Amino acid sequence: MTWSLLRYLRENPEVLRESLRKRYMDPSLVDRLRSLDEQWRKLKRMVDEVRHRHNVITRSIAKTRDPEERKKLIEEAKRLLKEREKLEEELKRVEAEREKLLLSLPNIVHESVPEGDSDEYSVPVRFWGRPRVYREFLDAFREQTEKWGFKVDYELLDWKPVGHADMLENVLKLGNTIKAAEVAGSRFYYLFDDLVWLDFALLVYAIDRLTSKGYRLVLPPYMIRHRILMGVIDMETFQDAIYKIEGEDLYLIATAEHPLAGLYYNEEVMEDELPIKLIGISPCFRKEAGAGNRDLKGIFRVHQFHKVEQYVYAKPEESWNILEELIHNAEELFQGLGLPYRVVNVASGELGAPAAKKYDLEVWMPAQGRYREMVSASNTTDWQSYRLNIRLVRRKGMVREYVHTLNSTAIASTRTITAILENFQEPDGTVVIPKVLRKYLEPFSKAPKDAIYPVKKEKTNE
RNA sequence: GCCGGGGUCGCCUAGCCUGGUAGGGCGCCGGACUGCUAAGCCGGUGGGGGUCCACCCCGCGCGGGUUCAAAUCCCGCCCCCGGCGCCA
């Protein structure tokens, strides 16, 4: 059983070099790894040989009755032991270095991924819906549609929609990030009343639709061990996103993807059990350490939110079709909500180490004049399963390889709420609730049903 | 948190006291036999190295230690089960 990256390293290093180049990383890593791997194998042969000689003597001692002969053999074993320990120490050192570099390798970029070092190079693959475009954003809109050869029908607005952060805080007055900043820090929030109902309704909507498609509903652990986390993410993500529980080997999950990947940690999966399709629901905790001052206002980019996540264990030959299935599932959810979006094929430089290919679903934000990421769907092929030791056992000949894993957002609550606040806003500040959510709000007497209304202005101001 | 019991190949289990190449059952894969199927029979069943044949190394929760030699003895840690305590 060989991991795809190791196989490429040994048999076809040019593929790896090319992949690293597309990610704007140093391709010489491949050459360092190759020589290290060669050195490791050579050293391993030497160590194994000494171990063998030592084992032979050790075994013969057990059979030897004559005390003189025994003594002689023990002396010989002791001598070999010294040699063995010296070599083993060297092997251990090389092995650790090799392992470290191997685990720093990002997944191989799929051939269909556009090359580029920023999201400018991500390529839209399709558009859906009829965006509402404020007059002044027309040029920007064309830049994001026609430039890519798409003719997207739009509704021209001659009034400027209020941004989601202002809607939340000032128009609807259903969120308080100022107080939350005092209590917990920036990028936290209090949500109230109708927006809380909306948050829940969105999650249940996603759960309802996906479980109907046969996905198994999972409530996973919200904290996981370091070992599992390192199987799922790369060092960069770890440092930018992950909160640690002090004094314990526990980390807050940044998405349900993490514990769902751990569900089959160290397991063998029979091929006829695949694909295993899961949806997890969980809070997500993220440091947003690399975000700087981006999206500081409102609830677009926060330290904590709720998400329904799709996660699939698949056979290698079916994983690329399943990636399409996952992004289509997400599209159906956003179509149901009536949010106009585009799907982009994310550029090689923006992929993240685990992913071989990634689609983002971006919703048009009328107050910003931009498509913004709501969903991310990745095929991580065998990158996570190698690290988590999740094997696929083929019936034919009991052959073992690694499963493929995939993940995709279904609904991330707060971000989707920002999209709703901007897209379904009326000139008077009323926010119309997507019809599809109604059945999930209906059972609750205090939940909003059709719309969320702005706080009435003070009489004196009118 | 305390006390006791336990963690062995995909699953179950023997071996641990008394150190000397981890045995059996189930499942699965393959083979021979067979009109077909099953039973029964034979072989295989983790990771790595290797001229990918032979063969060799490593693997008994994890990490150390003792020893020529550790599943076995010693120390630390993790997890599971039972009892007590605490508790939404």
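Below, chain A is the first sequence line, B the second, and so on; all start at residue 1. This structure is a prediction, so every number in the text was calculated from the model and none was measured.
For B:C68, the OP1/OP2 oxygens have a side-chain nitrogen or oxygen of A:Lys78 closer than 4.0 Å. Between B:C28 and A:Arg400, no contact under 4.0 Å exists linking OP1 or OP2 to a side-chain N or O. For B:G49, the OP1/OP2 oxygens have no side-chain nitrogen or oxygen of A:Arg45 closer than 4.0 Å. Remark: A:Asn55 is in phosphate contact with B:C57, judged by side-chain N or O atoms under 4.0 Å from OP1 or OP2. A sub-4.0 Å separation between OP1 or OP2 of B:A69 and a side-chain N or O of A:Lys63 is absent.
The side chain of A:Arg59 sits closest to B:C57 out of B:C58, B:C57, B:A69. Listed candidates were B:G49, B:G10, B:G20. Nearest to the side chain of A:Arg41 is B:G49. With B:G44, B:G20, B:A69 as the choices, the nucleotide that has an atom nearest any side-chain atom of A:Met398 turns out to be B:G44. Of the candidates B:G48, B:C29, B:C58, B:C29 carries the atom nearest the A:Arg395 side chain, counting heavy atoms from C-beta on. Here the side chain of A:Arg225 is nearest to one of B:C58, B:C79, B:G49, namely B:C79.
The nearest heavy atom of RNA chain B to A:Leu73 and to A:Glu268 marks one nucleotide each, and the one closer to the 5' end goes with A:Glu268.
In this structure, B:G85 makes no Watson-Crick or G-U wobble pair, since no nucleotide meets both defining distances under 3.5 angstrom. The nucleotide B:G46 finds its pairing partner in B:C58, both defining distances of the Watson-Crick or G-U wobble pair being shorter than 3.5 Å. B:G23 is paired with B:U13 under the Watson-Crick or G-U wobble criterion, all donor-acceptor distances under 3.5 Å.
Distance check, rounded to the nearest 0.5 Å: CG of A:Asn407 to CG of A:Leu326 gives 8.0 Å.
On the P atoms, B:U45 is 12 Å away from B:G24, given to the nearest whole Å. Rounded to the nearest Å, the gap between the P atom of B:C2 and that of B:C77 is 10 Å.
Relative to the ring axis of A:Tyr243, A:Arg286 does not place its NZ or CZ within 45° and under 6.0 Å from the centre.
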Under 3.5 Å donor-acceptor pairs involving side-chain atoms of residues 244-254 of chain A, not counting sequence neighbours:
{"residue": "A:Lys244", "atom": "NZ", "partner": "A:Glu248", "partner atom": "O", "Å": "2.6"}
{"residue": "A:Asp249", "atom": "OD1", "partner": "A:His226", "partner atom": "N", "Å": "3.2"}

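In this structure, the salt bridge (charged side-chain N to carboxylate O under 4.0 Å, His left out) partners of A:Lys439, at least two apart in sequence or on a different chain, are A:Asp208.
Using cut-offs of 30° and 60° on the angle between ring planes, the pair A:Trp3 and A:Tyr386 is parallel.
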